[in-house]
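Read through the structure below, which is laid out as structure tokens, and then see the notes.
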Amino acid sequence: MNRIAPLTKLMATLALSLWALLLASLTGLGILLLVQLLLLLVTGTLKKTSTALRGLSLVALSLVGLQYLLGSTLEESINSGLRMLDMATAFIWLLATARPQDLSSALVQQCRVAPEYAFMFTTALRFIPDFFAESQAVQEAQACRGYSTRGNRLKALLAYLAVVKPLVLKAVNRSETMAMSMEMRGFGGNGPRSFSTSVALVNRDYAVLAALTSVTVGLVLLKLKFF
């Protein structure tokens, strides 16, 4: 799976997200999550993404608890949490196996997306692993200063809220630095553009796309109860 083209990985991510929306049973959503974890294991990225997965699991549990407290049934609450976790895991796999610059090249060359929009999309994706890394750094800095997160679940949740302000400030600072860097490099000009990597599709990419399309069509037909 590491050798497939960036466009194929992007289509696989979108297909996995769509499957999470189409599946309605807890069994189906659980199997989809196991398949994605197996995909991370096969591609050798499970260990690298373990911190992000643990953070997302905590968010999913918080979502389940919040929906249950707001009046949803336990099954509906777990269903929503699993669906969110499935969709987020798909994007984690994409970020772990595809470089942002390769995704930009694929969007511009193969999908004919404007370079500005392709850059915005891949930059947003690149911020996700940076967000988790900075979140861990902020928590470690707070622990060094004697801030304790030990206690019940509510205290742990409030401890995560204390990380939000530093993360927002870091994100604003990073955005300003990136904007200045882009302006100095002439981003947005009308000159010719070149790409250093090849993102062309090969036979295995077409096979993967065909399999994704078949499964998606089958789930849509099941959703519409055509058979």
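Computed from a predicted model, the values in this text were never measured in an experiment. Nothing fancy with the numbering, it's 1 onward along the sequence.
L63 and L58 are not part of a single hydrophobic cluster, where members link through side-chain heavy atoms under 4.5 Å apart. Clustering ILVMFWY residues whenever any of their side-chain heavy atoms sit less than 4.5 angstrom apart, transitively, puts V215 in the very cluster that holds V42. The cluster map of Ile, Leu, Val, Met, Phe, Trp and Tyr, joined by side-chain heavy atoms under 4.5 Å apart, puts L56 and V64 in the same cluster. Under a hydrophobic-cluster definition in which Ile, Leu, Val, Met, Phe, Trp and Tyr are linked whenever side-chain heavy atoms come within less than 4.5 Å, directly or via other members, L18 and M84 are assigned to different clusters. Cluster annotation: L29 is connected to L39 through the hydrophobic network of ILVMFWY side chains, with a link wherever side-chain heavy atoms come within less than 4.5 Å.
With sequence neighbours excluded, the residues satisfying side chain to side chain donor-acceptor pair (under 3.5 Å) with T216 are W19.
In this structure, C111 and L7 approach most closely via the heavy-atom pair SG-CD1, 3.5 Å. Here the closest heavy-atom approach between residue T97 and residue K9 is recorded as O-NZ, 2.6 Å. Shortest non-hydrogen contact noted between R83 and L23 is NH2-O, 2.6 Å. Heavy-atom minimum distance, Q36 versus A90: OE1-N, 3.0 Å.
Between the N79 side chain and the A24 main chain, a donor and an acceptor come within less than 3.5 Å of each other. No donor-acceptor pair closer than 3.5 Å links the side chain of R99 to the backbone N or O of P6. Proximity of a side-chain donor or acceptor of D205 to a complementary backbone N or O of A5 within less than 3.5 Å is detected. Counting only distance, with no hydrogens or angles, the side chain of S72 and the backbone of Y68 share no donor-acceptor pair below 3.5 Å. Between the side chain of T49 and the main chain of A52, no donor-acceptor pair closer than 3.5 Å is present.
Side-chain contact between L40 and K48 is absent, with no heavy atoms from C-beta onward closer than 4.5 Å. For the pair L16 and V35, the minimum side-chain heavy-atom distance is 4.5 Å or more. Contact annotation: the side chain of L53 approaches that of L37 to within less than 4.5 Å [non-hydrogen atoms, C-beta and beyond].
Side-chain atoms of S80 and Q67 include a donor-acceptor pair closer than 3.5 Å.
For the atom pair CG of L33 and CG of L26, the computed distance is 12.0 Å after rounding to the nearest 0.5 Å. Atoms OG1 and CG, on T45 and L94 in that order, are 11.0 Å from each other to the nearest 0.5 Å. A distance of 9.5 Å separates CG in L46 from CG in L38, rounded to the nearest 0.5 Å. A distance of 6.5 Å separates CZ of F91 from OG1 of T13, quoted to the nearest 0.5 Å. To the nearest 0.5 Å, atom CG of residue D86 and atom CG of residue L82 are 6.0 Å apart. Rounding to the nearest 0.5 Å gives a distance of 5.0 Å between CG of L201 and OG1 of T8.
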